[in-house]
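Here's the structure we're looking at; comments come further down.
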Amino acid sequence: MKIEKDRYIRFTFTFTNEDGETVYQSDPEASPWYIHGHGLIMPVLEEKLAGHEEGDRFTFDLTPEQSFGSHYENLLFEAEKSQLPSDLDMELGCGVEIEMQSGDRMLAYIVEIKDETVILDGNHPLAGMDLTCTLNVEEVREPSEEEKLELNRYQSQRQQEGLYTMEFGPEDPNEEASSEAGCGCGCSCSSAPVIPQAIQTPKDDKGDTK
């Protein structure tokens, strides 16, 4: 059975960088699944999966624009350490959800630690990288009625909250943000983050945010 619209797909993926190092991969004990043709995963992955069958394994290269986006300097913020939660692990790569002055929220990562401040990066950690993706098609079948209902629930939630099943890079922030203000995340918020309400994003044993 080939992958086409409205079919249930379960798969695994691995992203490697130009040095062949694994930088991002699916949980081998909990393969991601989706129903094809509804924009539930990264567009490039859905495009590449179309037409394949259960058991297929294939590899392809991705530019930053196809995957996690370019790296934008106006998504870098400097914040006082005193603004961060007291229980935050002050480590490079630690993810923090910050609230902007407009009330919008975005995820940023600690990329530099100074004496009194830290540099936060609102880009995805893999932004700006040329990557190679390997996909393994684990299962292809017709979805159950329960899975169809789950799709409908998720689509409704996504419309209300702008959620995505798999994360990917931001659009070019310069298209949305004015020269006077703008965090570069495609919203109308001011550039200064309001850190006190930040929420620490836990990391797994590989250092990846969950």
Worksheet item: If you round to the nearest 0.5 Å, how far is CD of E139 from CH2 of W33?
Response: 11.0 Å

Item to complete: Look only at the side chain of R7 and the backbone of H36, and say whether a donor-acceptor pair between them is shorter than 3.5 Å.
Response: no

Worksheet, complete the sentence: Separation between CG (L62) and CG (D130), nearest 0.5 Å, reads 9.0 Å

Practice prompt. May I ask you to check whether D19 and N17 show a side-chain donor-acceptor distance below 3.5 Å?
Written response: no

Discussion item. Can you confirm whether I119 sits close enough to D121 that some side-chain heavy atom of one is under 4.5 Å from a side-chain heavy atom of the other?
Written reply: no

Worksheet entry | Heavy-atom donor-acceptor pair, H124 side chain to L126 backbone, under 3.5 Å | yes

Fill in: Check: E116 side chain, E80 main-chain N or O, donor-acceptor pair, under 3.5 Å
no

Discussion item. Show the nearest heavy-atom pair for residues I35 and E147, with the distance to one decimal.
Written reply: CD1-O, 3.6 Å

Worksheet entry | T134 side chain reached by R57 side chain, heavy atoms, under 4.5 Å | yes

Worksheet item: Heavy atoms, side chains only, cut-off 4.5 Å: are I113 and K81 in contact?
Response: yes

Discussion item. Show the nearest heavy-atom pair for residues E138 and S31, with the distance to one decimal.
Written reply: CG-OG, 4.3 Å

Discussion item. A side-chain contact here means heavy atoms from C-beta on lying under 4.5 Å apart; do E53 and V137 qualify?
Written reply: no

Practice prompt. Following the transitive rule for hydrophobic clusters with a side-chain heavy-atom cut-off under 4.5 Å over Ile, Leu, Val, Met, Phe, Trp and Tyr, establish whether L131 and F58 coincide in one cluster.
Written response: yes

Discussion item. Below 30° counts as parallel, above 60° as perpendicular, anything between as tilted: where do the rings of F68 and F15 land?
Written reply: perpendicular

Worksheet item: Distance from L135 atom CG to T14 atom OG1, nearest 0.5 Å?
Response: 8.5 Å

Worksheet entry | Verdict with supporting geometry, L107 and V96, side chain to side chain contact (heavy atoms under 4.5 Å, CB included) | CA-CA 6 Å; L107 184 63; V96 180; 5.7 Å; no

Practice prompt. Please check if the side chain of N123 supplies one atom and the backbone of Y72 the other of a donor-acceptor pair under 3.5 Å.
Written response: yes

Discussion item. Working to the nearest 0.5 angstrom, can you tell me the gap between L45 CG and F60 CZ?
Written reply: 5.0 Å

Discussion item. Show the nearest heavy-atom pair for residues S70 and A127, with the distance to one decimal.
Written reply: O-CB, 3.7 Å

Worksheet entry | Cluster check V111, M90: I/L/V/M/F/W/Y, side chain < 4.5 angstrom | no

Fill in: Validation row: T16, V23 side chains within 4.5 angstrom (heavy atoms)
no

Worksheet item: Which residues pass the side chain to side chain contact (heavy atoms under 4.5 Å, CB included) test with S26, sequence neighbours left out?
Response: T12, F13, P32

Worksheet entry | Common cluster, Y34/L151, ILVMFWY with side-chain heavy-atom separation under 4.5 Å | yes

Worksheet entry | Stepwise side chain to side chain contact (heavy atoms under 4.5 Å, CB included) check, E46 with I9 | CA-CA 10 Å; E46 189 163 48; I9 315 300; over 6 Å; no

Worksheet item: When rounded to the nearest 0.5 angstrom, what distance separates CE in M42 from SG in C133?
Response: 7.5 Å

Fill in: Closest approach of H52 to D56 (non-hydrogen atoms, all atoms of both residues)
ND1-OD2, 3.0 Å

Discussion item. When you group the ILVMFWY residues by side-chain heavy-atom contacts below 4.5 Å and let the links chain together, are L76 and M129 in the same group?
Written reply: no

Practice prompt. Go through the steps for D6 and E142 under the test side chain to side chain contact (heavy atoms under 4.5 Å, CB included), then give the verdict.
Written response: CA-CA 7 Å; D6 294 329; E142 297 297 332; 5.7 Å; no

Item to complete: Answer yes or no: is there a donor N or O on one side and an acceptor on the other, between the side chain of E54 and the main chain of V140, under 3.5 Å?
Response: yes

Fill in: Inter-residue atom distance S67.OG - D61.CG, 0.5 Å rounding
10.5 Å

